[in-house]
Novice: 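Here it is: the structure, laid out below.
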Amino acid sequence: MSTFYVTTPIYYVNAEPHLGHAYTTIIGDALTRWHRLLGDDVKYLTGTDEHGLKIQQAADAVGKTAQAFTDEIAPQFAHAWERLNIANDDFIRTTESRHKVAVAELLQRCYDAGDIELDTYSGKYCVGCELYYTDDELVEVDGVADCCPIHKRPVETLDEENYFFRLSRFEDRLLDWYAAHPGAMKPDNRANEAIGLIKGGLRDFSISRTSLEWGIPLPWDPDHVTYVWFDALTNYLAAVGFGDPEQDYRTWWPVDYHLIGKDIVRQHCVYWPAMLMSAGVELPKGWGIGGWLLVDGEKMAKSGGNVVNPLDLIDTVGVDGFRYYVLAETPYGSDGDFSYEGLVAKYNSDLANNLGNLAARVATVVAKKCDGVGPAPRADSPLAAAAATAFEGAARAWADVAPSKALDATWSLIRATNAYLEANEPWKHEPGDAVNAVMGDALEALRIVSVLAFPAIPDTSQAIWERIGFTTDISEQRLPESAGWGGYPGGLGVTKGDPLFPRLTA
Ligand code: ME8
């Protein structure tokens with residue numbers, strides 16, 4: 001059995017979970033559910049990023065200690081992921097001791113390698129990004145100079161004696177590594193941006209602060225606490241036991257995919273691999289770089305006042321309706337524009353009309369013309385080729401971290417089956433072999449659809465599975481076998497049930 005280890009960013013706990021966080025987390029969930037169907041031994045990790053100035057300030061603002069504040073917000077993320085049916089195997093908090101152990105180990109290795117050195121630094125710092133910016137990266141906002149290009153707020157000037165990670169030494173090594181591993185970063189256009197950052201020249205970055213207490217101390221100089229990104233990135237190793245003499249992190253490492261948004265490419269695709277090279281740890285096998293979900297053309301952010309809470313949306317479209325929209329609407333890597341009207345339109349067309357109608361129609365005709373008992377499919381069904389194409393397309397797309405393509409391939413089988421029913425009109429014919437043959441084919445197609453759609457809409461897939469007569473847990477199906485034509489045995493009781501996706505008006 002091969003292992004498949006996937007991570008999301010660990011989210012800052014200065015705000016509650018929003019649609020943007022849900023976006024990346026749902027993509028990881030669907031991807032890992034697909035790999036569980038393939039029979040892989042999966043570890044899906046998410047968690048929370050709890051140290052640093054930004055969190056300290058958020059705690060101060062509500063009169064709480066940083067620890068008490070993070071203890072309150074972190075469970076809100078865990079709760080949101082439960083509501084959205086996220087099957088993460090682990091949830092890491094950077095305030096846990098397993099994490100602190102791993103950070104100390106990684107820091108010490110980089111220090112021993114001579115890549116961390118003491119220096120003095122004066123620079124313009126954005127607390128929102130926890131990053132220093134150069135003058136030419138700063139922008140003017142409403143006549144105010146020197147603002148962060150992402151948060152659109154003035155940066156602060158900081159003067160500090162810091163330890164520096166000598167990133168500048170890694171330029172050629174990183175370029176060589178990426179040249180030797182084409183396709184490691186997906187999709188290609190985002191990969192090119194990352195390579196551009198390296199080719200643009202790498203500056204050493206500060207990895208410690210003396211002005212801050214809310215963080216992990218450097219093992220060799222405890223007056224300094226670790227810079228939040230050095231701390232945060234290490235979570236991916238901490239969760240698989242790095243630094244713990246009782247565990248071998250290489251059971252899971254190197255990670256298969258770090259899923260991230262395009263806002264944190266520099267840290268994940270430049271800083272992180274350099275840190276790992278310095279520490280003598282293997283580099284990740286892959287990165288999936290998503291675009292932003294925009295609301296009114298702006299990235300969703302607490303400071304932007306345009307935050308959409310995913311839990312409000314599931315009251316209307318259901319958990320699976322929401323998951324489907326997030327996965328299917330926007331090609332991975334591109335920016336998407338969230339709108340409530342868009343959510344409802346996608347729900348009505350793909351879920352209520354295509355999938356919901358197919359399931360209802362099949363059950364209705366089987367009830368009326370087949371005494372409610374599903375007939376077996378024909379070996380030479382005209383739908384068999386459509387099913388094979390759907391599976392191959394979905395498999396290719398999931399392997400490419402392209403959920404919208406995978407679902408489009410899956411939905412091609414739904415469309416083909418609806419067209420097949422319309423061409424044959426079994427509802428107009430007398431019961432008998434001809435009707436049985438068409439309905440057996442349609443049930444088989446629906447069985448395969450429910451397996452292929454499972455990563456995106458797990459509860460709905462299970463419901464269809466049961467309605468066509470299975471009593472097992474659909475998550476136990478294995479690919480590619482379960483996508484092979486002919487798995488529907490016939491002779492099972494088919495039930496209609498309530499509409500899976502009642503039509504909505506916007
Ligand atoms: O950056 N559209 O945490 P964060 C799509 N703690 N995705 C979005 C989004 C949007 N509008 N807004 C956020 C941090 N995201 C660090 C990460 S990892 C070692 C440390 C998603 O809470 C996207 O995946 O700001 C983005 O990269 C991540 O949330 C940033 O979350």
Side-chain angles (χ1 to χ4, degrees), residues 6-29 31 45-55 58 70 73-74 76-77 80-81 91-95 99 102-103 106 126-131 148 150-151 190 194 215 226-239 255 257-273 275-276 284 287-310 325-327 329-339 401 403:
V6 174
T7 66
T8 71
I10 47 169
Y11 303 109
Y12 285 129
V13 288
N14 64 326
E16 291 165 18
H18 61 61
L19 181 62
H21 301 132
Y23 177 69
T24 309
T25 311
I26 289 172
I27 287 168
D29 186 60
L31 179 65
L45 174 71
T46 187
T48 41
D49 188 356
E50 307 191 4
H51 290 128
L53 193 50
K54 178 155 61 177
I55 310 296
T70 59
I73 310 264
Q76 294 183 19
F77 279 84
W81 305 151
F91 186 104
I92 192 163
R93 299 181 53 186
T94 55
T95 43
H99 177 75
V103 172
L106 195 72
C126 170
V127 174
C129 298
E130 303 273 13
L131 271 184
C148 163
I150 291 180
H151 291 88
R190 296 282 170 221
T226 318
Y227 166 54
V228 42
W229 274 101
F230 207 105
D231 171 338
L233 288 159
T234 308
N235 89 86
Y236 305 130
L237 280 172
V255 63
Y257 284 107
H258 288 314
L259 299 179
I260 57 172
K262 66 176 187 180
D263 49 331
I264 53 178
V265 164
R266 181 190 298 275
Q267 294 90 339
H268 281 80
C269 304
V270 184
Y271 291 10
W272 179 231
M275 286 156 60
L276 294 172
W287 291 258
I289 306 167
W292 284 343
L293 274 189
L294 306 173
V295 176
D296 304 325
E298 290 282 330
K299 178 171 181 260
M300 208 172 317
K302 196 176 184 190
S303 50
N306 59 353
V307 173
V308 176
N309 184 337
Y325 170 79
V326 159
L327 291 162
E329 176 79 351
T330 306
Y332 188 60
S334 304
D335 287 342
D337 230 324
F338 171 81
S339 73
V401 195

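Please read all numbers here as calculations on a predicted model, not as lab measurements. Order of appearance sets the numbers: ligands from 1, and atoms from 1 within every ligand. Values below: every heavy atom of this structure, side chains too, minus hydrogens, waters and symmetry copies.
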Novice: State, without any angle test, whether His51 and Asp231 hold a side-chain donor-acceptor pair at a distance under 3.5 Å.
Specialist: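 Per modelled atom types, His51 and Asp231 side chains form a pair under 3.5 Å.
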
Novice: May I ask you to check whether His268 has an N/O atom sitting below 3.5 Å from an N/O atom of ligand 1?
Specialist: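 It does not: no N or O of His268 is found under 3.5 Å from an N or O of ligand 1.
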
Novice: Which one of Gly336, Gly290, Gly20 has a non-hydrogen atom at the shortest distance from atom 21 (C) of ligand 1?
Specialist: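 The option holding the nearest heavy atom is Gly20.
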
Novice: Could you tell me whether some N/O pair between Leu293 and ligand 1 is separated by less than 3.5 angstrom?
Specialist: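 For ligand 1, there is an N or O atom that lies under 3.5 Å from one belonging to Leu293.
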
Novice: If only side-chain N and O atoms count, and only distance matters, is there a donor-acceptor pair under 3.5 Å linking His258 with Thr7?
Specialist: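 A donor-acceptor contact under 3.5 Å links the two side chains.
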
Novice: Using every non-hydrogen atom in the two residues, find where Asn14 and Ile55 come nearest and quote the distance to one decimal.
Specialist: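 Heavy atoms only, the tightest pair is N-CD1, 3.7 Å.
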
Novice: Is there a polar contact between ligand 1 and Asp263, counting only N or O atoms under 3.5 Å apart?
Specialist: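 In this structure, Asp263 places an N or O atom under 3.5 Å from an N or O of ligand 1.
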
Novice: If you measure every N or O of Asp49 against every N or O of ligand 1, does any of those distances drop under 3.5 Å?
Specialist: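 For ligand 1, there is an N or O atom that lies under 3.5 Å from one belonging to Asp49.
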
Novice: Are Asp49 and Arg93 close enough for a salt bridge, meaning some N to O gap below 4.0 Å?
Specialist: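 Salt bridge: no.
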
Novice: With only distance considered, is Tyr11 within less than 3.5 Å of ligand 1 through an N or O on each side?
Specialist: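 Among all N and O atoms of Tyr11, none is under 3.5 Å from an N or O of ligand 1.
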
Novice: Short N/O distance, under 3.5 Å, between Gly261 and ligand 1?
Specialist: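 Between Gly261 and ligand 1 (N or O atoms, distance only) the closest approach is under 3.5 Å.
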
Novice: Judged by modelled atom types alone, do His18 and Tyr11 share a side-chain donor-acceptor pair under 3.5 Å?
Specialist: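 Tyr11 and His18 do not have a side-chain donor-acceptor pair below 3.5 Å.
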
Novice: Regarding Thr95 and Glu50, do their side chains bring together a donor and an acceptor under 3.5 Å, going by distance alone?
Specialist: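 Their side chains do contain a donor-acceptor pair, which is all the 3.5 Å distance test asks for.
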
Novice: Is there a heavy atom in Ala15 that sits closer than 4.0 Å to ligand 1?
Specialist: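 It does not, in that no heavy atom of Ala15 comes within the 4.0 Å cut-off of ligand 1.
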
Novice: With a cut-off of 4.0 Å, which atoms of ligand 1 are near a heavy atom of His18?
Specialist: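 Near His18, meaning under 4.0 Å from one of its heavy atoms, ligand 1 has 12 (N), 13 (C).
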
Novice: For ligand 1 and Asn235, I'd like to know whether there is a polar contact (N/O to N/O, distance under 3.5 Å).
Specialist: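 No, there is no polar N/O contact under 3.5 Å.
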
Novice: Hey, does Pro9 come in under 3.5 Å of ligand 1, counting only N/O atoms on both sides?
Specialist: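 Not met; the criterion fails.
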
Novice: Checking His268 against Tyr236 for the ring pair (Phe, Tyr, Trp, His ring centres under 6.0 Å) test, could you report, in this order, the C-alpha distance in whole Å, the side-chain angles of both residues, the deciding distance, and whether it holds?
Specialist: CA-CA 11 Å; His268 281 80; Tyr236 305 130; 5.6 Å; yes

